[in-house]
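Each chain gets a letter, A, B and so on, in the order its sequence line appears, and its residues count up from 1. In this text the structure is predicted, and so the values were computed from the model without any measurement. Computed over heavy atoms, backbone and side chain alike; hydrogens, waters and symmetry mates excluded.
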Amino acid sequence: MIEAVPLRFGIPEPPARPGELADFSYLDVPAAGSVARPAVDTRPSDMRDLAYSLIRVLDEQGVAVGPWDPQADVAALHEGLRAMVMTRAYDDRMTTAQRQGKTSFYMRCTGEEAIAVGHALELQARDMFFPTYRQQGWLIARRWPLVDMMCQVLSNEKDRLHGRQMPIMYSARDAGFFSISGNLGTQYIQAVGWAMASAIKGDTCIASGVVGEGTTAEADFHHALTFATTYQAPVILNVVNNQWAISSFQGIAGGSQSTFAARAIGYGIPALRVDGNDYLAVLSATRWAAERARTNYGPTLIEWVTYRAAAHSTSDDPSRYRPADEWKSWPLGDPIERLKNHLIARTEWSEEQHSELVASSDREVLAAAKEAENYGTLLDGRVPSARSIFEDVFKAMPQHLERQRRQMEEGR
Amino acid sequence: MIEAVPLRFGIPEPPARPGELADFSYLDVPAAGSVARPAVDTRPSDMRDLAYSLIRVLDEQGVAVGPWDPQADVAALHEGLRAMVMTRAYDDRMTTAQRQGKTSFYMRCTGEEAIAVGHALELQARDMFFPTYRQQGWLIARRWPLVDMMCQVLSNEKDRLHGRQMPIMYSARDAGFFSISGNLGTQYIQAVGWAMASAIKGDTCIASGVVGEGTTAEADFHHALTFATTYQAPVILNVVNNQWAISSFQGIAGGSQSTFAARAIGYGIPALRVDGNDYLAVLSATRWAAERARTNYGPTLIEWVTYRAAAHSTSDDPSRYRPADEWKSWPLGDPIERLKNHLIARTEWSEEQHSELVASSDREVLAAAKEAENYGTLLDGRVPSARSIFEDVFKAMPQHLERQRRQMEEGR
Amino acid sequence: MTMNAAIRSAMDVMMERDDNIVVFGEDIGYFGGVFRCTEGLQAKYGSTRVFDTPIAEGGIIGAAVGMGAYGLRPVVEIQFADYVYPGLDQLISEAARLRYRSSAEFTAPMTVRMPCGGGIHGGQTHSQSPESLFTHVCGLTTVLPSNPYDAKGLLIASIEDDDPVIFLEPKRIYNGPFDGHHDQPVVPWSSHPLGEVPDGYYRVELGKAAIRRPGADVTVLAYGTMVHVAAAAASETGIDAEIIDLRTLLPLDTDTIEESVNKTGRCVIVHEATRTSGFGAELSATVQELCFYRLEAPIERVTGWDTPYPHAQEWDYFPGPARVGAALRRVMEA
Amino acid sequence: MTMNAAIRSAMDVMMERDDNIVVFGEDIGYFGGVFRCTEGLQAKYGSTRVFDTPIAEGGIIGAAVGMGAYGLRPVVEIQFADYVYPGLDQLISEAARLRYRSSAEFTAPMTVRMPCGGGIHGGQTHSQSPESLFTHVCGLTTVLPSNPYDAKGLLIASIEDDDPVIFLEPKRIYNGPFDGHHDQPVVPWSSHPLGEVPDGYYRVELGKAAIRRPGADVTVLAYGTMVHVAAAAASETGIDAEIIDLRTLLPLDTDTIEESVNKTGRCVIVHEATRTSGFGAELSATVQELCFYRLEAPIERVTGWDTPYPHAQEWDYFPGPARVGAALRRVMEA
Ligand SMILES: Cc1ncc(C[n+]2csc(CCOP(=O)(O)OP(=O)(O)O)c2C)c(N)n1
Ligand SMILES: Cc1ncc(C[n+]2csc(CCOP(=O)(O)OP(=O)(O)O)c2C)c(N)n1
Ligand SMILES: [Mg+2]
Ligand SMILES: [Mg+2]
């Protein structure tokens, strides 16, 4: 019998706090092209190592290398670049609108654009995406109207959601984009349920759900993996590991002891761990997981390793809890820069074309913003009617809600 | 782009239903002694294979072999055998009491006795056990009074829990046995919280929590593993895989795609998968995990592979959903038989001694039952007072409960 | 027909009519559910439409929300209402809000069945009546039948409803109209008019109460098991009570309630759930808002006590005919 | 002192006195919480007693139950009351029941803090007031302060309580006594008497209401933000209302309520939560039970509507001084 030592309480600490030097040595970055690509019908138990590696396609020179190179044609890559640049322009504009008081709140996805954009362009029209609040890139990639996005953010008279929802809580069924919930993680098991339904009906479309690495701690993450494995649901379960959950670094969610991709292993679900700032890796990993799902090989979990370059939201100030310049040291760089360099390396793009793309995106966003603001903003008070807050609680308005609406109108 | 095939919905089916031949070919049973025993300070990532193997000590001849042999002395084994035999005698008696209407409900642990008994005798007095309703073996191994156990089951005037709780929902702080909850899984994260508290205080005692394999699907299983890994809590997380959750075989909880032990891997928690009907393996695996926890190497998950030989509870009839004789084919046998044979092989026990142990245990249980029934049963209505139902809702009874108690007494 | 048979029949009838209806929950497939409410459905419709689930109420309800968004109509079982809490977030934050937050782009047409109430020696984790929690959540419809005929018709209406419906089943009356006299044998539903259940399709509309016993002196508001307890109390006290079986708690049939209390001027509310913030509170508040000037006596609530449901002292907790009768006398004497 | 500062001070004072007190929750450690209520505590007491948690409300509350059973006194933060639902099972089935089901062998002395209420354009997932759900759960104490002085004293009393306490913090009044006039700047707590908060230890007892404004004509029952809204309504209508700040919802101070309503004969109840089965229902039912023969007008409830909390139309939802004033006039004219 061992003699008793006092127990110690451990709590993971981030590598650097404000004032300290950024340090990402905890992340090891294998060379692009170094990870094997198994056939999609490989048994999960034969590819567990994928959960501990990092799938990368673009090397330091921006050249696509290795078995995960999606061999994407140039038009597709231009389309992806357009959407990423537009997404960043959109984020800039909406951030400004919030500062001007035209809306109450906004959330950027800076540095993570490749994931939602690549995913959107790789999946099919009838597939359903269950996003978080940081997947606006999907809507832009699917060319959902910028003006509609903005009207929602501005809660104005043209807001499809009638001002009831907080800014950025889009819902866009026509773009295969499920209504965003303010409650973390709930959409993950819903994505699995949607995929089960598709399989129950013998349909051909799949679902894809997203959570951040912090949200993997919620119950619905576990429920999603359990149901996905038991029913072999045709679903892609994405974990966007952007290293931070508001002020909590990924170690607080358990990232110091393992990868988030590895969570899937214990459920018998295959997992890919992917450089989320490598647009070609995003296309390729999405394609692999989608093909598995579509051909009845079941679910796949993908951990996208990226970095939340901006504040959590307009209510947040990251300089309170992490080095202000941490992003500069992020080993996986900027997804837009990397795709740009790849296209330039292929002589399919130039700095001039890129500056023009950035400028034209800004112009397009600005024009859309002008139009959207014509329909009102939270600031000028041209918001949807109070009457509408009683609608859509139920399909048919029950007596007690009609009574309450009357009372509201009588000022009771 | 692959062409679309209709999706299929899969649902795992047990190998055999009533009328069919029992079939446990899904379980592969390695030879005793074949699994290596790593040092307790081994990194989790260096022993993942333990989650897919099966630790066994007793070979077909009942001889203890291999690195996991606990080298237990004979007295300790006799003590374990006594507790297992007594537990079975107790279950028999209480099952009869339920049939006689002396209590409303009972749950047996037949075939699983080794786990709670071995665990109880291996852990220390100040450690805290967070059990399910199938761990009565712990109380008997810790020699908690049989009469007190019975009075709780009978809800009589001596019931320490004042008849408020359903039968078998024991609470025995003095035996290091946490209050049993009727809500599955809730105790698992509580065990982690208790262990965190012990570490926070620099104490030396550890916690051990239990769930059945079916309950691994609940949220609190995930919470327990997440918190245990993040704070490296000194806790043992047990999964008793007895193949069934009421009528649902272990595949419904995801057991067809992986082992339950493997769930731990993705959290960076080491996992042991152990023959739960091998008493020596139970001692040995418990010792290994407890030593890790006590020496600040953090949590361990143990999957105990066993079989629920009896009905789920007295309200259940397993012949409706599984072959009536399934247990006969169970590859890991009966834990009592196996320990008995081991001791006989060591010439430290005989059939005669065993029959005498069984007989004396029955006598002891019968005597305890007679005494307990003197204090009343649900049948004769000598149950705790109605007044007491208002106590312990809060530490001090608030005004509104005093008022309600008066109203009850006035028949309002 | 027993109440469980009526509930099974409702699912059977609807599954035949609409193959977007799927049924799942813990032990409900091959086994047919711990209360046998789904017996035979898997054999008839196959395990693609009727299947067991992992033990995860949050997962069950969350998956149902996703399926509803796809276009199915899930009918799920929570094994006991006492175990719905792990699924409350998916009910409150998701199922109840989905239509609203997406402006009807996505909806959650689902029915969540769960046995509730005590009287079977189930102790605190097999006896609870959490209905009032659901009625506080806008977007949920809450139904609680008192007999086989209503159970089938209301369940069919619930399944056809395009929004989430909580369907609570008082387990103590699955087999007969238990009236609180636990010392007497329960008469089976077969000998009760409301135990006569048509085999085919029919609806009992949501949001409509039923007057079980017309009366002039006092209005009793009850639902589920308590409807039968109230009837016993009325006949035993000889008080001419008008017994209203609410059937649907939300939306509430305030017209029927208002009319009755305006007539009787007296009101007794009975439920099994704990008293504080139980649904009786909302009923009492509503009645005095609607009928204040007609009330001749204080509205009384007869409820479970504000304690967990005890095991051995179950009948001291259960609001039986004696307690209800005493309340009737008090309001008549007031 | 602001209300968040008062809350921080309560934890600080108690952590100094009792090293069994630990504080944890999402983003509450190094960062100090999204509402800064734990700012500086980790620096002062170290990360063994003040630490961040994974994003799992069920895990936070479940771990707290286990720690309480060990002998610690956890004080946990749920980032928004809207996110407590994943933790409800651990609260309802475990924390609230542990003492009862173990006959006091094990207890859960813990405090669960959570910001509640709207008025910050937080939409439906940052504005909810779920207090009535907690009041229906026997074994839970529910506290909801309206000012910094009470917030500190009540939080200290809550932390010292040997059973689980739900401590709701109306986020709209963290910085000042907002009275519903959203078009006007909020006066800071520094210029309000109840913003004067002693640095040291003191208790405000649980279960005791406070009369904020004595009055003869009508009793207003309110808590949290609504206390200030009611005060504004009273002064703007010139109606001599007696405003009772409940402070603790359960156990409820019925003596103070009864005495006041028996005096005024009129009662208006105000809360921000949705109306149906909100805590106002229990208050209304209780008042008519206690004061039936003294009531001269129907009890009125002024509440949030039975819809999710809208974002852009927040002020159409929020029960402001105009609506409360109108109710006061109605009951006076009745
Ligand atoms: C159930 C729930 N708990 C807490 C919150 C508050 N919250 C909003 S975002 C967030 C951090 C999420 O981090 P992560 O999952 O990593 O996503 P990221 O923001 O990094 O994209 C928290 C705690 C919430 N919205 N819902
Ligand atoms: C939260 C919750 N859901 C459902 C139940 C009903 N129930 C009681 S035991 C049981 C099966 C548990 O199976 P398992 O975890 O494998 O434990 P075993 O009974 O096999 O020991 C179920 C579903 C419950 N008690 N609590
Ligand atoms: Mg993150
Ligand atoms: Mg089991």
Chain B contact via A:A253 - which portion, at a heavy-atom distance below 4.5 Å: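 Contact with chain B is through the backbone of A:A253 alone.
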Please rank A:T226, A:N296, A:I269 by heavy-atom pairs under 4.5 Å with chain B and give me the top one.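 When all of A:T226, A:N296, A:I269 are compared, A:N296 has the most.
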Looking at A:G298, A:G255, A:G251, A:A217, which has the largest count of heavy-atom pairs under 4.5 Å with chain B?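 Looking at each of A:G298, A:G255, A:G251, A:A217 in turn, A:A217 comes out on top.
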Which pair of non-hydrogen atoms, one from B:G202 and one from A:P6, has the smallest distance, and what is that distance?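 Heavy-atom minimum between the residues: O-CB, 3.5 Å.
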Non-hydrogen atoms of B:P234 and A:L7 that approach each other most closely: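 What the structure gives for the nearest pair is CG-CD1, 3.7 Å.
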Select all residues of residues 35-52 of chain B having any heavy atom within less than 4.5 Å of some heavy atom of chain A, and report them by number, or 'none'.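 Result: B:R48, B:Y52.
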Chain A contacts, top residue of [options] (heavy-atom pairs, under 4.5 Å):
| options | result |
| --- | --- |
| B:I11, B:I252, B:T204, B:I265 | B:T204 |
| B:A228, B:S256, B:G266, B:G268 | B:G266 |
| B:P12, B:G254, B:S258, B:A261 | B:S258 |

Just to verify, what does B:Y321 make a ring pair (Phe, Tyr, Trp, His ring centres under 6.0 Å) with, not counting sequence neighbours?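 Once residues adjacent in sequence are excluded, the partners of B:Y321 under the ring pair (Phe, Tyr, Trp, His ring centres under 6.0 Å) criterion are B:W244, C:F31.
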Contact class of [X] relative to chain A, heavy atoms under 4.5 angstrom:
| X | result |
| --- | --- |
| B:F221 | side chain |
| B:A271 | neither |
| B:A293 | backbone |

Nearest-0.5 Å distance, OG1 of residue B:T295 to CZ of residue A:R8: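 CZ of A:R8 is found 9.0 Å from OG1 of B:T295.
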Separation between NE2 of B:H223 and CD of A:E218, rounded to the nearest 0.5 Å: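 It is 6.5 Å, given to the nearest 0.5 Å.
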Would a distance-only check, ignoring hydrogens and angles, find a side-chain to backbone donor-acceptor pair under 3.5 Å from A:H222 to B:T216?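 Side chain of A:H222 to backbone of B:T216, a donor-acceptor pair under 3.5 Å: yes, one is there.
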Check: B:Q232 and A:Q257 side chains under 4.5 Å, non-hydrogen atoms: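 The answer is yes, as the side chains (C-beta and beyond) meet within the 4.5 Å cut-off.
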